[in-house]
**Q** 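Once you've had a glance at the structure underneath, I'll fire off some questions.
Just so we're on the same page: letters track the sequence lines, and every chain starts at 1. Computed from a prediction, not measured in an experiment: that's the story for all the values here.
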2 protein chains.
Amino acid sequence: MSLIPIRPGAQSGGGRAPGPAAESERRDAARNRELLLCAAREIVEESGADALTMDRLAQRAGVGKGTVFRRFGSRAGLMMALLSGAEAEFQGRFMFGPPPVGPGAPPLERLIAVGAARISWILEFGELARAADASVYNRFDVPPAVLWHRHLEMLLREAGVTADPWLMASALGAALEPELLLHAVGVHGIAPERLAETWRELVTRVVGGG
Amino acid sequence: MSLIPIRPGAQSGGGRAPGPAAESERRDAARNRELLLCAAREIVEESGADALTMDRLAQRAGVGKGTVFRRFGSRAGLMMALLSGAEAEFQGRFMFGPPPVGPGAPPLERLIAVGAARISWILEFGELARAADASVYNRFDVPPAVLWHRHLEMLLREAGVTADPWLMASALGAALEPELLLHAVGVHGIAPERLAETWRELVTRVVGGG
DNA sequence: AATACAACCGGACCGCGGTCCGTTTAGCAT
DNA sequence: ATGCTAAACGGACCGCGGTCCGGTTGTATT
């Protein structure tokens with residue numbers, strides 16, 4: 001594995017950024033990326049994320065398997081690419097959108113609102129999100145996850161929580177993980193509103209208690 | 001998958017209970033179970049849980065691969081079998097042990113203490129525990145997980161938390177998951193005492209806030 | 001237009017977890 | 001001891017995610 005990027009936009013680790021095409025990508029490569037993303041969306045829509053196999057995807061898109069891995073690095077990377085639009089939109093909402101999710105509302109209100117928004121987001125895209133969380137790295141150290149964590153941290157600080165903000169954000173963030181929420185709703189039949197309600201309760205107590 | 005147990009002690013899903021041998025197990029089967037558990041412990045001790053491959057284990061124990069799966073059902077089942085001793089000991093501590101982890105102390109103190117105990121437990125056995133959490137079922141619906149969850153639920157109720165106890169226990173329990181704790185300690189270098197401290201802070205606020 | 005080189009491509013290949021099924025064997029009844 | 005049956009056994013087999021490498025193709029340069 002080369003430590004020095006071969007050319008601008010390339011990424012170490014054998015894969016490539018899951019986001020939009022890096023600048024200066026060869027035309028056939030760009031074409032195949034679109035082909036693959038399109039075919040992937042079709043498969044997910046038809047049969048769910050679990051049915052999205054790298055071999056199947058390659059066959060469906062009419063390319064070789066190596067090409068799939070060259071473009072997306074791994075199955076998790078592909079899933080992140082599929083999610084990147086929805087993820088960016090969500091980030092935009094809590095960073096620049098209207099209150100109470102976006103800036104402008106008091107921190108506790110923002111925490112409550114952003115949690116509720118996150119819950120509905122996960123109930124919509126959770127299947128993909130879970131598939132994207134294949135490794136520990138993908139779960140915690142990928143840019144969107146870091147951004148989300150930092151945002152929680154900031155809101156907690158603004159709300160006056162003095163205890164270790166990093167760990168506090170981790171603990172609260174763990175309550176919003178896709179695996180947990182999907183399990184609560186899918187297996188135990190918890191209503192989505194209960195999730196948001198309990199989140200409100202939780203975060204209110206944490207912030208209010210001192 | 002048959003819904004009716006073939007014989008007492010057998011378990012649906014193609015595997016067998018991860019605990020001690022079911023009554024009336026054929027002698028060669030029992031012998032192989034011990035052989036396998038022993039070989040598995042050796043491999044884990046030598047090279048870590050990630051190096052524990054089903055093929056390798058079978059080869060090392062001198063049995064066929066089919067036998068491994070017959071005995072333990074899956075890799076996760078094997079990991080649970082390896083953990084069952086430590087897990088039972090931990091259960092004993094919070095159910096029947098001396099306070100403040102066991103009964104006899106006020107609920108908030110018990111919550112704090114049992115969380116701290118859980119944290120050290122995970123820092124000791126977390127690698128195996130993480131490997132045992134392969135599927136959603138293994139994470140949430142396996143008997144020890146259910147027992148643990150119920151215990152948290154009970155303590156919260158006793159401490160006067162009125163909000164949905166099941167979800168509250170899920171949220172707080174998520175802050176103690178192996179993947180999260182191991183990541184915090186291993187990647188971010190958080191000191192174990194900080195984990196316990198933050199847990200104390202978290203649970204105190206949740207209980208105290210109303 | 002010809003050349004050269006880097007990026008790209010495809011598919012054979014690997015090790016993994018898990019399944020299947022023909023064969024062997026333990027335990028019991030006679 | 002002998003024979004019967006259900007359980008246990010072993011290893012070939014499968015589909016999966018991921019890697020590798022020899023051949024191909026796009027693109028910049030002259």
Side-chain angles (χ1 to χ4, degrees), chain A residues 1-2 4-11 13-16 21-36 40 43 49-79 131-135 137-138, chain B residues 1-2 5-11 13-16 21-36 40 43 47 49-79 131-135 137-138:
Chain A
M1 135 170 59
S2 72
I4 301 172
I6 302 306
R7 63 186 228 193
Q11 193 177 264
R16 184 175 230 98
E23 80 280 7
S24 97
E25 184 174 56
R26 241 170 66 172
R27 253 213 305 282
D28 52 346
R31 182 179 50 89
N32 279 340
R33 149 171 293 131
E34 293 312 313
L35 231 57
L36 284 165
I43 294 177
D50 291 346
L52 179 46
T53 289
M54 301 304 261
D55 292 86
R56 258 172 71 128
L57 174 59
Q59 191 175 1
R60 176 106 168 208
V63 304
K65 192 180 181 178
T67 303
V68 185
F69 281 91
R70 167 179 313 279
R71 282 283 88 77
F72 301 105
S74 67
R75 200 180 110 103
L78 170 66
M79 295 300 184
D133 285 349
S135 75
Y137 173 80
N138 283 279
Chain B
M1 143 167 55
S2 73
I6 303 305
R7 64 183 228 195
Q11 193 176 265
R16 183 177 232 94
E23 79 281 3
S24 96
E25 184 175 54
R26 241 170 65 171
R27 251 211 304 285
D28 53 345
R31 182 180 49 90
N32 279 340
R33 151 173 290 129
E34 292 313 313
L35 231 58
L36 284 165
I43 295 176
S47 323
D50 291 346
L52 178 46
T53 288
M54 301 304 261
D55 292 87
R56 258 172 71 129
L57 174 58
Q59 191 174 2
R60 176 103 168 211
V63 304
K65 193 180 181 178
T67 303
V68 185
F69 281 91
R70 166 179 312 279
R71 282 283 88 76
F72 301 105
S74 68
R75 200 179 110 103
L78 169 66
M79 296 300 183
D133 284 351
S135 74
Y137 173 80
N138 284 279

**Q** Could you pull out the closest heavy-atom pair between B/R71 and B/A29, with the gap in Å?
**A**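 B/R71 and B/A29 have their closest heavy atoms at NH1-CB, 3.1 Å.
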**Q** For A/V68 versus A/A58, what's the shortest heavy-atom pair and its separation?
**A**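 Scanning both residues, the minimum pair turns out to be CG2-CB, 3.7 Å.
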**Q** Can you build the contact string for nucleotides 20-30 of chain D? Use B for base contact, S for sugar-phosphate-only contact, and - for no protein heavy atom under 4.0 Å.
**A** -----BSS---
**Q** Closest heavy-atom contact between B/S47 and B/R56?
**A**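 Reported closest heavy-atom pair: OG-NH2, 4.0 Å.
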**Q** Side chain of A/R71 only, heavy atoms from C-beta on: which candidate in C/dC8, D/dG11, D/dG17 is closest?
**A**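 Of the candidates, C/dC8 comes closest.
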**Q** What is the minimum heavy-atom distance between A/S135 and A/N138, and which atoms define it?
**A**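 Taking A/S135 first and A/N138 second, the nearest heavy atoms are OG-ND2, 2.7 Å.
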**Q** Just N and O in the side chain of B/T67: are any of them under 4.0 Å from OP1 or OP2 of D/dA8?
**A**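 Checking B/T67 against D/dA8: no side-chain N or O falls below 4.0 Å of OP1 or OP2.
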**Q** Nearest whole angstrom, please: distance from the C1' of D/dG17 to the CZ of A/R56.
**A**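 These atoms are roughly 15 Å apart.
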**Q** A/T53 has a side chain; which of C/dG18, D/dC16, C/dC9 sits nearest to it?
**A**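 Of all the options, the side chain of A/T53 is nearest to D/dC16.
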**Q** Using atom CZ of A/F69 as one end and atom P of D/dT19 as the other, report the distance to the nearest whole Å.
**A**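 Nearest whole value for this atom pair: 7 Å.
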**Q** Would you kindly give the CD-to-C1' distance between A/Q59 and D/dG15, to the nearest whole Å?
**A**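 Taking CD of A/Q59 and C1' of D/dG15, I get 13 Å after rounding.
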**Q** From CZ of B/R75 over to C1' of C/dT19, roughly how many Å is that when rounded to an integer?
**A**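 Value for this atom pair: 18 Å.
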**Q** Which whole-number value in Å describes the distance from B/R31 CZ to D/dA7 C1'?
**A**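 Distance, rounded to whole Å: 14 Å.
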**Q** A/L57 has an atom CG; how far is it from atom P of C/dG10, in whole Å?
**A**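 Rounded to the whole Å, the gap is 12 Å.
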**Q** Using atom CE of B/M79 as one end and atom P of C/dC16 as the other, report the distance to the nearest whole Å.
**A**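 It works out to 13 Å between those atoms.
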**Q** Could you state the atom-to-atom distance from CZ of B/F72 to P of D/dA8 in whole Å?
**A**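 Distance check: B/F72 CZ to D/dA8 P gives 13 Å.
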**Q** Spell out, as yes or no, whether a donor-acceptor pair under 3.5 Å connects the side chain of B/R75 to the backbone of B/L52.
**A**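 A pair under 3.5 Å: yes.
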**Q** Mind listing the closest non-hydrogen atom pair of A/A61 and A/L36 along with its distance?
**A**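 Minimum heavy-atom contact is CB-CD2, 3.6 Å.
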**Q** Go through D/dG17, C/dG17, C/dC9 for me and flag the one nearest to the A/K65 side chain.
**A**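 Comparing D/dG17, C/dG17, C/dC9 against the side chain of A/K65, the answer is D/dG17.
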**Q** Do any side-chain nitrogens or oxygens of B/N32 fall under 4.0 Å of OP1 or OP2 in D/dC9?
**A**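 Yes, within the criterion.
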**Q** Scan A/L78, A/T67, A/L57 and name whichever one has a side chain to side chain contact (heavy atoms under 4.5 Å, CB included) with A/F72.
**A**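 Answer to the side chain to side chain contact (heavy atoms under 4.5 Å, CB included) test with A/F72 among A/L78, A/T67, A/L57: A/L78.
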